[in-house]
Amino acid sequence: QVQLVESGGGLVQAGGSLRLSCTASGRTFSTNFMGWFRRAPGKEREFVAHISPSAGTTSYADSVKGRFTISRDNAKNTVYLQMSSLKPEDAAVYYCTGDRDGRPPLVWPYWGQGTQVTVSS
């Protein structure tokens, strides 16, 4: 059974930082893209960032570019999201995801349960 488990969420003041982690079990994701999405209350789930299997390529939503950094450790089957300069509008449940087969177009069948990020102004 494949599981993705996020951690690291919490309450932070605006301008602060948090580091999210997501560890996979049940299979290796070393040949898959990994990503982060988020869903704020009353809004649709939106893309945040993804990273290629070798970590050579990353992609970010415009809203987080320059503030968030995605990285991965394939030996630990773990992906990270370093979030800095957090804004109240970054508050959401953050979900880790793994893609289907490591090739575009990216399809995301594997999801974690989410971790809450709250940003106080």
Side-chain angles (χ1 to χ4, degrees):
Q1 181 182 357
V2 177
Q3 282 192 311
L4 300 177
V5 180
E6 302 97 335
S7 61
L11 173 64
V12 63
Q13 287 189 327
S17 299
L18 278 177
R19 187 195 196 203
L20 306 183
S21 299
C22 171
T23 299
S25 61
R27 59 158 288 176
T28 178
F29 281 87
S30 62
T31 58
N32 298 75
F33 282 74
M34 299 293 291
W36 290 92
F37 284 68
R38 68 186 181 186
R39 176 180 282 148
K43 294 187 177 181
E44 298 288 320
R45 184 175 63 191
E46 64 175 358
F47 166 76
V48 175
H50 69 60
I51 186 167
S52 63
S54 65
T57 302
T58 57
S59 179
Y60 296 92
D62 287 343
S63 58
V64 307
K65 204 170 292 184
R67 299 187 298 119
F68 290 11
T69 302
I70 188 171
S71 62
R72 65 190 297 164
D73 184 337
N74 286 339
K76 296 182 179 180
N77 222 15
T78 298
V79 63
Y80 305 97
L81 186 68
Q82 178 67 49
M83 306 185 293
S84 302
S85 302
L86 282 160
K87 305 175 181 180
E89 52 264 42
D90 293 318
V93 177
Y94 282 72
Y95 297 92
C96 170
T97 183
D99 97 291
R100 178 182 57 189
D101 56 11
R103 295 173 294 179
L106 298 180
V107 177
W108 307 99
Y110 304 104
W111 292 89
Q113 83 290 346
T115 186
Q116 177 73 51
V117 172
T118 304
V119 184
S120 63
S121 56

Tyr110: partners by ring pair (Phe, Tyr, Trp, His ring centres under 6.0 Å), with sequence neighbours left out = Phe29
Check the pair Lys87, Asp90 against salt bridge (Lys or Arg N to Asp or Glu O under 4.0 Å), reporting the backbone distance first and the verdict last.
-> CA-CA 5 Å; Lys87 305 175 181 180; Asp90 293 318; over 6 Å; no
Can you give the donor-acceptor pairs under 3.5 Å from side chains of residues 114-121 to other protein atoms, not counting sequence neighbours?
from	atom 1	to	atom 2	distance (Å)
Thr115	OG1	Gly9	N	3.2
Gln116	NE2	Ala92	O	3.4

Please walk me through it: do Tyr80 and Asp73 pass side-chain contact (heavy atoms from CB on, under 4.5 Å)?
-> CA-CA 8 Å; Tyr80 305 97; Asp73 184 337; 4.1 Å; yes
Does a side-chain heavy-atom distance below 4.5 Å link Tyr95 with Leu4?
-> no
Would you say the side-chain atoms of Asn32 pair up with the backbone N or O of Asp99, donor to acceptor, closer than 3.5 Å?
-> yes
Asn77 side chain to Ala24 main-chain N or O, any donor-acceptor pair under 3.5 Å?
-> yes
Quickly, which of Trp108, Tyr60, Phe68, Phe37 forms a ring pair (Phe, Tyr, Trp, His ring centres under 6.0 Å) with Phe47? Name it, please.
-> Phe37
Taking every heavy atom of Tyr94 against every heavy atom of Glu6, the minimum-distance pair comes out as O-OE2, 3.9 Å
Would you say the side-chain atoms of Ser30 pair up with the backbone N or O of Thr28, donor to acceptor, closer than 3.5 Å?
-> no
Would you check, one step at a time, whether the test side-chain contact (heavy atoms from CB on, under 4.5 Å) holds for Arg38 with Ser63?
-> CA-CA 12 Å; Arg38 68 186 181 186; Ser63 58; 3.5 Å; yes
Is a side-chain N or O of Arg72 found less than 3.5 angstrom from the main chain of Ala55, in a donor-acceptor match?
-> no
Counting only heavy atoms not in Lys43, do more than 12 fall under 6.0 Å of its NZ?
-> no
Taking the side chain as C-beta and beyond, is there a heavy-atom pair between Trp36 and Met83 under 4.5 Å?
-> no
Residues, nucleotides or ligands: over 12 heavy atoms within 6.0 Å of Arg27 CZ = yes
Report the residues that fulfil ring pair (Phe, Tyr, Trp, His ring centres under 6.0 Å) with Phe33, sequence neighbours left out, ordered by chain and then residue number.
-> His50
Asn74 (side chain) donor-acceptor with Pro53 (main chain) under 3.5 angstrom | yes
